[in-house]
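The chains referred to below are lettered A, B, ... by the order of the sequence lines, with proteins before strands, and numbering in each begins at 1. Since this is a predicted model, take the numbers as computed values, not measurements.
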There are 2 protein chains.
Amino acid sequence: MKILSGEIIESAAEPHLWIDAMEVALQALKDADYKTPDRMHVSMDANTLLIMPSVGPDLFSTKLVSVFPSNVKQPAIQGTLILNDGATGEALAVFNGAKITAMRTAAVACVGIRHLSDPMSQYLGIIGAGVQGQHLAWLATHERDLERIYFYDPSHQKVVEFMQFMHKHAPHIEVAPCEDEQQVITNSEIVCTATTSKLPVIPNLEDLLLGKTFISIGSYKPDMREVPESVYRLIDTVWIDSELAKLESGDLIHPIENEWIKPTQIKHLSTLIQQPNELGFRETRLFKSVGNGIFDLFAAKLVYQKAMEKKLGFDVAL
Amino acid sequence: MKILSGEIIESAAEPHLWIDAMEVALQALKDADYKTPDRMHVSMDANTLLIMPSVGPDLFSTKLVSVFPSNVKQPAIQGTLILNDGATGEALAVFNGAKITAMRTAAVACVGIRHLSDPMSQYLGIIGAGVQGQHLAWLATHERDLERIYFYDPSHQKVVEFMQFMHKHAPHIEVAPCEDEQQVITNSEIVCTATTSKLPVIPNLEDLLLGKTFISIGSYKPDMREVPESVYRLIDTVWIDSELAKLESGDLIHPIENEWIKPTQIKHLSTLIQQPNELGFRETRLFKSVGNGIFDLFAAKLVYQKAMEKKLGFDVAL
């Protein structure tokens, strides 16, 4: 059995392979050979254990994610992922689950960038500079030929961490910390939000937002929101990564309840991948990602295959 | 994070510590500080992934068990168990889940032997000499001062494996292969069944069965049975290890449907541990074990603590 650490997960496969793999995974969501049961929640007072299995024709994976919001010395979200052989059930590898989550979520967001944003985009904006914003910014530099990344986070520590992370992973890209969200949006063609906010982090100003591509990867619970009314007024369609998004994200529940959009305007991004003429005429676009266990399965498969090819990771006998 | 292999799990703690730990775990099932949600089944054609979380006040564990009945080169049942720190969610160790299962199931059976059988018993019988029967026979030698173990299995390969296993783990104990189940029972005071049979493996002969202690650890599904009507006619009480047994085991469902016993005659073994005078007057006794995630949690805790004390297992950074 292989032990695949965060460092190995980060470096085993090139960023464009991650994005390609997630593009395939998005389409596999509608393939009967793949099954992703509803995730299991185990509550422990204020803490939660999430258990996310996903089954494919050749492999299956189970991700265990612990969410401990009041952790001080350790990250609030930690995890482990086990990848098993679908022919025998044997455990093939144990992965750092937090790193798999960070990489696959960023790569799914980049599939949105690939299909929704202007291919000539040079300016990316990041609102929320935590682990998830960092990984998204890095992978996005492999999807668009970026000139500069504008970003905002209220935490000074996160600002410093974001700059260090980008210096390590994309040293050729200029990164510009901003004073607020509005400054990020003013300067960016693609705007990514990666926060745990309960109220929109994008100002509700139509003129500011017109023509931009929005990628929202926060708001994975009904009481969380990142995107304001104006965005919904400017778009044809909300593109989503998983049907669960309609039940889980405040950025879909709230706009439908308030009739900013009709349920028929919510479409799966895989539809667009297969039929690019579905894009519509409006130049303001929105991709809402909540994640799905199938992305973990494809991510683990990619890293495992590369680790086997390149002989990466500890081999242990269980 | 520690990697704890089957070999380490087998040797880290003395057998009597396993049995003591399971005696505590049985009683913790009624303690509000412990929570064991219903296990999750993920079906993959003829194969199954079982996900069994269990939460305690200081630690939580998740066991993943793959059941692939048509495996040839590999065992049908394989597994992985992750133990996490309850204060931070951090993954502390990855265990061989099949070995944890084999050891804890055997140790729970031995708690039944401890509380139900004559302390002077010298002759143990095993019907079903697979992995589970082997581990049970071994641990039982640490609970009773056995003179000889009689056993039966229709597979010659299993007979050989049983003898090799016992030669390795309990070389001072005589083991006697039998021609059939009846020969095992005739010679034994304590009779343990560890099969996947759909029909009783114990002959339905009251005179043969009178006064013996029966420990049934197969029959974990409604269509599985090991114990015949006569046993139920001879006992006061069916002692169980988990309330789930009433829903899961054909050895409880079938006898209740056929009115061989009343539901009020089914009692949890922890009751007997706390109140030994509950035992009743009849000398024929039955313990039916189906298992529970809480036993995995206590087993993992025991092995982890011993591995830390004795510096066993690989340490890997995830």
Side-chain angles (χ1 to χ4, degrees), chain A residues 1 3-9 35-45 47-49 51-57 60-62 64-82 84-91 94-99 313-314 316-318, chain B residues 1 3-9 35-45 47-49 51-57 60-62 64-82 84-91 94-99 313-314 316-318:
Chain A
M1 189 179 70
I3 307 295
L4 297 166
S5 68
E7 270 180 42
I8 289 172
I9 293 165
K35 273 195 312 196
T36 302
D38 289 349
R39 61 194 186 187
M40 181 173 184
H41 289 247
V42 182
S43 294
M44 300 176 265
D45 301 324
N47 305 320
T48 309
L49 168 66
I51 304 176
M52 303 166 71
S54 185
V55 178
F60 62 94
S61 65
T62 311
L64 309 179
V65 178
S66 60
V67 185
F68 281 57
S70 46
N71 271 3
V72 177
K73 290 188 187 166
Q74 302 202 19
I77 296 179
Q78 299 182 88
T80 324
L81 183 145
I82 314 275
N84 297 73
D85 186 329
T88 64
E90 184 189 359
V94 178
F95 300 76
N96 180 320
K99 184 59 82 171
F314 255 119
V316 298
L318 208 59
Chain B
M1 189 179 69
I3 306 294
L4 296 166
S5 68
E7 270 181 43
I8 290 173
I9 293 165
K35 274 195 311 196
T36 301
D38 289 349
R39 60 194 186 187
M40 182 173 183
H41 289 247
V42 183
S43 295
M44 299 176 266
D45 302 324
N47 305 320
T48 308
L49 168 66
I51 304 175
M52 303 167 71
S54 185
V55 178
F60 61 95
S61 66
T62 311
L64 309 179
V65 178
S66 61
V67 185
F68 280 58
S70 47
N71 271 4
V72 179
K73 291 188 187 167
Q74 303 203 18
I77 295 179
Q78 299 182 86
T80 324
L81 183 146
I82 314 274
N84 296 73
D85 185 329
T88 64
E90 184 189 358
V94 178
F95 299 76
N96 181 320
K99 184 59 82 172
F314 257 119
V316 298
L318 208 59

Examine whether an atom of B/Ala98 lies under 4.5 Å from a heavy atom of chain A, and if so say whether it belongs to the side chain, the backbone or both; otherwise answer neither. neither
Side chain, backbone, both or neither: which part of B/Lys35 has a non-hydrogen atom closer than 4.5 Å to chain A? side chain
Between [X] and [Y], which heavy-atom pair has the shortest distance, and what is it?
X: B/Ala317; Y: A/Ser5; value: O-CB, 3.6 Å
X: B/Met40; Y: A/Asp38; value: CE-O, 3.4 Å
X: B/Gly89; Y: A/Gln78; value: C-NE2, 4.0 Å

Check the angle between the aromatic planes of A/Phe60 and B/Phe68 and answer parallel, tilted or perpendicular using the 30° and 60° thresholds. parallel
Side chain to side chain donor-acceptor pair (under 3.5 Å) for B/Glu90 and A/Gln74? Distances and angles first, verdict last. CA-CA 8 Å; B/Glu90 184 189 358; A/Gln74 302 202 19; 3.0 Å; yes
Answer yes or no: is there a donor N or O on one side and an acceptor on the other, between the side chain of B/Lys99 and the main chain of A/Leu318, under 3.5 Å? no
Rounded to the nearest 0.5 Å, how far does CG of B/Asn84 lie from CG of A/Asn47? 11.5 Å
Rounded distance (nearest 0.5 Å) linking atom CD1 of B/Ile82 with atom OG of A/Ser66: 11.0 Å
For chain A, the option from B/Met44, B/Glu7, B/Lys73 that forms the most heavy-atom pairs under 4.5 Å: B/Met44
Flag the pair B/Leu49 / A/Val55 as yes when at least one side-chain heavy-atom distance between them is below 4.5 Å, and no otherwise. no
